[in-house]
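The next block holds one structure in the form of structure tokens; read it before the comments.
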Number of protein chains: 2
Amino acid sequence: MAIQKSSAPTIIDVAERAGVSRATASRAMGGYGRIAAQTVEQVRRAAAELGYRPNEVARAMRQGRTRTIGLVIIADFTNAFFDRATKAIVDAAKSHGYQVLITNTDEDIAAERQAIETLIDKQVDGLIVVPSTAAVHDHLATVQKSGKPLVLFDRRVDGIVATTITTDDFSGTEAAVRHAYAMGHRRFGFLVAAAGNYGHSTERPAVMISSVEDRINGFMSGCADLGIKPKQQSWMFCEDNARDPEIAVAKLLDQPKAPTIILTTNNDMALVLLKTAGNRRLVIGKDISLITVDDSQWAAAMAPGITVVARPVEDLGSITVEKLLAEIDAPGQKAEKIVLPTELIARGSVANLVMYPENEPENY
Amino acid sequence: MAIQKSSAPTIIDVAERAGVSRATASRAMGGYGRIAAQTVEQVRRAAAELGYRPNEVARAMRQGRTRTIGLVIIADFTNAFFDRATKAIVDAAKSHGYQVLITNTDEDIAAERQAIETLIDKQVDGLIVVPSTAAVHDHLATVQKSGKPLVLFDRRVDGIVATTITTDDFSGTEAAVRHAYAMGHRRFGFLVAAAGNYGHSTERPAVMISSVEDRINGFMSGCADLGIKPKQQSWMFCEDNARDPEIAVAKLLDQPKAPTIILTTNNDMALVLLKTAGNRRLVIGKDISLITVDDSQWAAAMAPGITVVARPVEDLGSITVEKLLAEIDAPGQKAEKIVLPTELIARGSVANLVMYPENEPENY
DNA sequence: GAGATTTGCGAGAACGTTCTCACAAATCTT
DNA sequence: AAGATTTGTGAGAACGTTCTCGCAAATCTC
């Protein structure tokens, strides 16, 4: 009768049962160093009989790496973007033998700071961070000083030299403007989600998230190219909370010469517009048009479907992991700025106005 | 000039700088054992000067616990349910000083097995599992034999004695049937997502997920109570993939006496119905009615809003964490089956037919 | 003020692994 | 067949903590 051990078997138990030393048992299990094939067999059998599984914490301790990466992200459920990114990152990491420790920051810089500290304390081998703001980056510098590889996801931070994977939101938004123009739209509403205490206003806040900045610049560039004048544009900056977006949408719609199309920089805004339109008996794609960002099943399934600027989330996630692991395996890689293309998916939410001559730019 | 250490400072460096022993430094940092207040101060200062942060891996090694829990979940982006649950779990864990290692199984039992093994190897202090099927549970038994606390999330597994947190999907679906009946509906379609290779058929598959089982039973119970006869019910079981749901929806709609309302057991199915309805120029809430499961921003924002059976995801997540941590802190807790209530949120997707007498049950 | 208790601290083991080194046995050279 | 090399193994250190113990100094007790 085998004696019942209270806790899990260790390599020492395996070594004893196989009649070899700890070192040899470890070599046999780890498949490294010089060791006789027969011994490996013997140790493996002993391990199997005992149900031995190596203790990864002890291993991490000795080897100085945990095969774990830390992900500091914002959770946003309106928008499957970060959820899909999370999945892509988790899956990609797994396929390389890494696990992921996740922390959610809710766009809060203090939470981000704390999350990063905790993950470093837990000795993750590298960090993927979605920075909640471009304004603060001393904590990111601290990561780098600690020697941990760091990759920024979806948002650039100036002042930090780190590999950054983003999407081409500039061109994406430009394309959206162009599409709307081609469909005959001449009065544009632009609804910009701006984190920070801005309430809702037409005044552009100073510091923002790079992806949002890119969308703003893309919008301006598109308008400039097509000769869409400032008076044909209604901008609205709006905090992404429960109250302000409704007010912002109402302001856009209640203008004397209301826009025929509204572009939004995130799906919260788009959904508020949808809701408001529904309440006012305005039909999307007919009475009011909409283009938003990020494709989703609901955007595709609605009638009419919502025209979106889609981002390659899965690629974004897997490339991010690959870059991070490359830096982990061989520190000192050159920091890259990788920008993946966006794609305009035209659906029915943009009305075709080309037959209405009163919308021609001449009238402005 | 201080000598630049290549790697992070350890407790030994702190001890040296403070002029005390390793043990004393550790006591000062950890705030345990007998130690003079003045010494604590001295050590703290030395630690701060060096930027010392305790190595959590070493700590885990010594203490035999990692303050990390493992989450084995399925990622499902149609449906924010599991994403919101993930966030709730991550946040709740953090508030108790725990971090979360996440693995996604994609409903695959082999992936689930492997994920559990990996997480145990990583010495998580406990596991939260969304079992991909109720049919297999030897791997869950293995977890328990390992002595790791285990809590099941959202789905019951018979044959395993473990605390299980679920929602009352039975009553939720029953309430949905009752609501539809009250609105005058007498011909019910029931679209059931069934994992496994069932394609699309009216034949009920054998083994399923408990939440889906509950919905089926709730539907049957509701129909029985209200006297809705089998010929007034059209059932369709359907694999949740890219092809079959469309066929299943078409089959439901193409019947000679098509249902006036369709209940779906998940949002994939609901979105396919929405899409098909749109293509056929059927207006939701007028030509065809719909009730699905889980509230979401899009369900609320659409025009008309979608009537749903909502589940208290955040509570589900935080209670799950609390139960798991209770078991971690004091092993040997009694396994509980916790069932949280659901809530029917009535919106416009259910047409009011009470004025159409031809739909009265007499006609059947 | 002598014994009993409390206080504060250090030495060293322990957690489970891997890695370096040394060394004997086996095999290869010429 | 004697030296050189290769092969296989074990002893012991190391990773960075915490914890148990023991002991001296300080304080209490009557």
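Lettering of chains follows the sequences in order, A, B, ..., and the numbering in each one begins at 1.
- For the pair B/A25 and B/M61, both in contact range of DNA chain C, the more 5′-proximal nearest nucleotide belongs to B/A25.
- Counted within 6.0 Å of NZ on B/K323, heavy atoms from surrounding residues, nucleotides or ligands total 12 or fewer; the atom is thus considered open.
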| task | Check step by step if side-chain hydrogen bond (donor to acceptor under 3.5 Å, both in side chains) holds for B/T66 and B/K122. | result | CA-CA 9 Å; B/T66 52; B/K122 291 242 172 185; over 6 Å; no
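- Separating the CD atom of B/E16 from the C1' atom of D/dG16 is a distance of 14 Å, rounded to the nearest angstrom.
- In this entry the distance linking CD1 of B/I12 with C1' of D/dT18 reads 13 Å, nearest Å.
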| field | Criterion salt bridge (charged side-chain N to carboxylate O under 4.0 Å, His left out) on B/R45 and B/E41, from CA distance to verdict | value | CA-CA 6 Å; B/R45 191 165 43 232; B/E41 169 63 18; 3.3 Å; yes
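- Distance B/I35 CD1 to D/dA25 P: 19 Å, rounded to the nearest Å.
- Applying the 4.0 Å criterion to OP1 and OP2 of D/dG16, one finds that B/T10 has every side-chain N and O outside that range.
- Atom CZ of B/R53 is separated from atom P of D/dT17 by 12 Å (rounded to the nearest Å).
- Using a 4.0 Å heavy-atom distance criterion, A/R34 is classed as a base contact.
- In this structure, the CD1 atom of A/I11 is 14 Å from the C1' atom of D/dG10, given to the nearest Å.
- Atom CG in B/N55 sits about 13 Å away from atom C1' in C/dC15, given to the nearest Å.
- Of all the heavy atoms in A/S146 and A/V143, the pair that sits closest is OG-O, 2.5 Å.
- Between A/T10 and A/D13, the shortest heavy-atom distance links the atoms N-OD2, 2.8 Å.
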| Can you list the steps and then say if A/K87 with B/D106 is a salt bridge (charged side-chain N to carboxylate O under 4.0 Å, His left out)? | CA-CA 10 Å; A/K87 172 174 156 60; B/D106 283 322; 2.9 Å; yes
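- Within the 4.0 angstrom heavy-atom criterion, only backbone atoms of the sugar-phosphate kind lie near B/V20; the bases stay farther away.
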I'd like a list of close polar pairs between nucleotides 19-21 of chain C and the protein, N/O only, cut-off under 3.5 Å.
residue : atom : partner : partner atom : Å
C/dC19  : O4'  : A/R62   : NH2          : 3.4

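- Take B/R44 and apply the salt bridge (Lys or Arg N to Asp or Glu O under 4.0 Å) test, not counting sequence neighbours, and it matches no residue.
- The separation between A/R59 atom CZ and D/dG16 atom P is 19 Å, rounded to whole Å.
- Across the protein-nucleic acid pair, B/R67 atom CZ and D/dT18 atom P stand 12 Å apart, rounded to whole Å.
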